[in-house]
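Naming convention: chains lettered A, B, ... in sequence-line order (proteins, then strands); numbering from 1 in each chain.
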Amino acid sequence: MPKDETLFKNLKEHSIAEFFRKNSQMLGYSGKIKSLTTVVHELMTNSLDACEESNILPDITVQVMQPEEGLVVIRSKDNGPGIPKQHISSVFGKMLAGTKFHRNIQLRGQQGIGVAGVTMFSQMTTGKPVEIISVTKHTAWDIELTIDVRKNTADISSQKELEPKPEVTGVEYFANFKDVQYSTGEQGPYEYLRRTALANPHAQITYIDPSGAKTIFERTSNAIPPKPIEVKPHPKGVSVDDLIIMSKTSKNRTIKGMLQDDFARMSPNKAKELSELVDFNIEKRPARLSWGEAEKIVKAFKKVKFLAPPTDCLRPIGQERIEAAMKSILAPEFLAVVERRPTVYGGGYAFLVEVGVAYGGHAGRRLSSGEMRSEIMRFANRAPLLFDTGGCGITKAVRDVDWKRYGLKNFDQLPVTVFVNLISTHIPYTGAGKQSISDSDDIQNEIRQALMDVCRKFNKFHSHRRKLAEHTARKNKLLKYVTEISNALSELLGKDEKEIRTYWENLVESAVGETIDDLESKVAEQEKEAEKNEGVLKETVEDENGKSSVVYDSDADESPPENGDGISRLSDYM
Amino acid sequence: MKTEAIVQKIIKLGEELEEQVEAGRSPEIVMPAKGLGNVSFNEEKKLLQLGEKTMSRNFLNIAHSRKFMQTVMIANLCRKLVESEKHASIREVYYQLKHTIEGAKENTFDGQEESDPIIEDLERSLNILREQMNLTADRRGYMYGNVKIVDAGDTINCAKLGRGGYGIPSTVEDIGFADIQADFALVIETAAMYERLIEEKFAKKNNALLIATQGQAARGVRRLIHRISKEQKLPVIVFTDGDPYGYYIYSVIKMGSINLAYLSESLGTPDCKFIGMTMTDIEHYGLEKVTEQLKDLDVKRIKEEMSYPWFKNKRWQTELKKMLKGGVRIEQQSLANKSLDFVAKKYLPEKIQTADFLP
């Protein structure tokens, strides 16, 4: 090997290790709580992807153990196809940074550094190898390895061949960590898995916490989500840098040809229109495109009208599946899910939002003090976003909704879970941490619209329920007075108390009972009407909102208020 | 009304309710409406009068049901009292009926302020006086002077009861007048002024009967004043603080009150006159330094009183306007600023002499 190349190779490997050490926060390993959640996330993503690619319904177990103070052991186990021995080293022991970069495809992964990052983080904090038990249909191995950071290869310290069990394939992974903190809060493993289960109804997820307590998030759908497809980038969503990279690798003979072939919605007519907007010939070789020229092209893109990008590449979870998952995990009293049609933000990126609101049951978050808090669950391409809540565009859109208008007063303190999943070929993260979505009117507006849709449904449910509760309260109130009245009347009239009481109780039953039936049929009718005419419903709902129920709050006390006559209040003087 | 008739009236109320319930109708108790809306001033009789409007207390109306229950309970208790010829104070009524409702965290009555108005409702509904249902209230108010009354068989000389005089019971129906040696009755707002006048021997020297109301006059006191005026034909003079509250005390003694408008004919004394304190007194007797500032609430009251039909005369309007303009009130006892006996020796005799009264 020539000397120069050796030098170059060392430099490159050195830079990967350095990159990870210096930039681990970019990969999610920052903060003790967040680091642990990132570990769980990477393992989870790896397992889900492995199962889905092999058309297996995922059944994944994650266990967190704390054998001693300051040490956390994570075990994860899936039912995927298993990894053949020759690939174990590269999956778990080689940093593959960049595989997911620059691909216009809807992926749940965030870092692209994958599960090798977990191995790296484990060895960085404990110096110990990780253990992988991989069972495929034909082979089974128990392997311990570390990463040789200088060569960026796996360093296998122990390997044992096991008896293969074709019927129970899968990967089991053990790793030790220090500098992490186990949290039971909103940003800990439990919450991460709960939310992952919500957004992946086809997965069965089991979680075992350090005390040994086991939680199973049941599978609620047997449909494996279809694989996302890669689409060509849309001219409105491309950066100068993207264009330069494309031009360096293009096999096209001209820039014009490259634009037509590699971009969506770029017809020969549009290419011609574009050529008239730049002051150089786009018939030259792509490789000769300069940075300045690329800037001019990107600028010209903004001036040309293109069709919106195709949206058939998006793979939502689906309204029914979200409903089933939320029902199973939150067991709410009320649940509504809305999936919006695909649309475009920033002119060039296809996206759609799925939104759900659950009320009551296990929805919301109960603090240790017993108080309730509402929770906002954010997802980007099904992956839960647990950090950077405040700065996230999703959070802002949720906060923008005037909840009290829909019967959700004091939104923050209600047993409410708001679910928002943003699906896109390109999620506009605010930073390298990829835990929040940047502000975008297009996206936030879609989220708001979807939430308002859901809220209108909630309002119907809520006012119906409130009326029923009022009826029951009214009936109970009357019945309790009946006891006193029949006692007094039986003395006054010298009649049997039971006989009198029966008459009065019947009176209450018939008077209030009828009203409840009336109400039920009235509500059913209203709902039919509403389905016929959504516009009218909206007005009714808004009307109802402003006023309190008029069913029987209206009967003011028969005596005018004492201080209304202006005289008896003179007693105030005394 | 005979005892038996009263019991029958109460039982009839219960029977009507029972009939309504058995017929499947929502039971209701009907009574004349109360409050300003159903009260008018009868120019001829010079009394507040209850109108024709009625209201109904409906059991199935959730806003009424609690009061409905309370009315039935009190009706039954009154029936028991009358039948057994026992008396109970309205506070005892409250305690007799107060308990936690079976199977609920709610009391039948949460205070006497809840049971008292129900008693008034029952009075209006049955057109029977509280006193006729053997209900009594606390004694309030005193009487002093050369008058002999018969109370429960005892003849009492109200001038021979030391410095306190006779405590007026809440029910004065059964009291008889054996002998009255007085030229007029002076009704006084504060007990302190009443005691001052006794000490100064005002009653003896002026041949007066003194009655202390101790603030707003209770039903018993008002009924007694009414009887002294109507039956004994004694002129009645009222002496209160010079403020809207004192003037309202006078107004109630004279015309009746809005709450008890249905009793005006037996409680009101339209012929009584007002002696003071007036705003004119302040200038006339040089009392500027012993006045007190009006409060916001006072100003509001004055404006209300100016609109009362019975205050719509020149003298009263002048006084009320002066009070508004000056922004001050004056107490009876401020007369002590001159000297302790000033009120007995100069103020009252002088005004009575010249008949310096407000209507």
Check this for me: does any side-chain nitrogen of one of A:Lys480 and B:Glu102 sit under 4.0 Å from a carboxylate oxygen of the other? no
Atom pair CG/CE of A:Asn487 and B:Met69 - distance to nearest 0.5 Å: 11.5 Å
Is chain A contacted by the side chain of B:Arg66, its backbone, both, or neither, given a heavy-atom distance below 4.5 Å? both
Does the A:Arg474 side chain pair with the main chain of B:Leu60, one donor and one acceptor, at a distance under 3.5 Å? yes
Segment of B:Glu15 engaging chain A (4.5 angstrom heavy-atom cut-off): both
When rounded to the nearest 0.5 Å, the distance separating CG of A:Leu492 from CG of B:Leu17 is 9.0 Å
Separation between OG (A:Ser490) and CG (B:Asn76), nearest 0.5 Å, reads 8.0 Å
What part of B:Ser65 gets closer than 4.5 Å to chain A, counting heavy atoms only: side chain, backbone, both or neither? both
Options A:Thr483, A:Leu489, A:Leu478, ranked by heavy-atom pairs under 4.5 Å with chain B, top entry: A:Leu478
Heavy-atom distance under 4.5 Å to chain B: side chain of A:Ile500, backbone, both or neither? both
Between B:Glu106 and A:Tyr481, do the side chains contain a donor N or O and an acceptor N or O under 3.5 Å apart? yes
Report yes if some heavy atom in the side chain of A:Ile485 is under 4.5 Å from a heavy atom in the side chain of B:Pro27; otherwise report no. no
Is B:Ile10 in contact with chain A via its backbone, its side chain, both, or neither, using a 4.5 Å heavy-atom distance? both
Is it true that, when you exclude A:Lys327 itself, more than 12 heavy atoms of the residues, nucleotides or ligands shown sit nearer than 6.0 Å to its NZ? no
Specify whether A:Trp504 and B:Phe59 have parallel, tilted or perpendicular ring planes, treating 30° as the upper limit for parallel and 60° as the lower limit for perpendicular. perpendicular
Tell me, yes or no, whether the heavy-atom count around A:Asp412 atom CG, taken from other residues, nucleotides or ligands under 6.0 Å, exceeds 12. yes
Using a strict 4.0 Å threshold on nitrogen-to-oxygen distance, state whether A:Glu491 and B:Lys80 make a salt bridge. yes
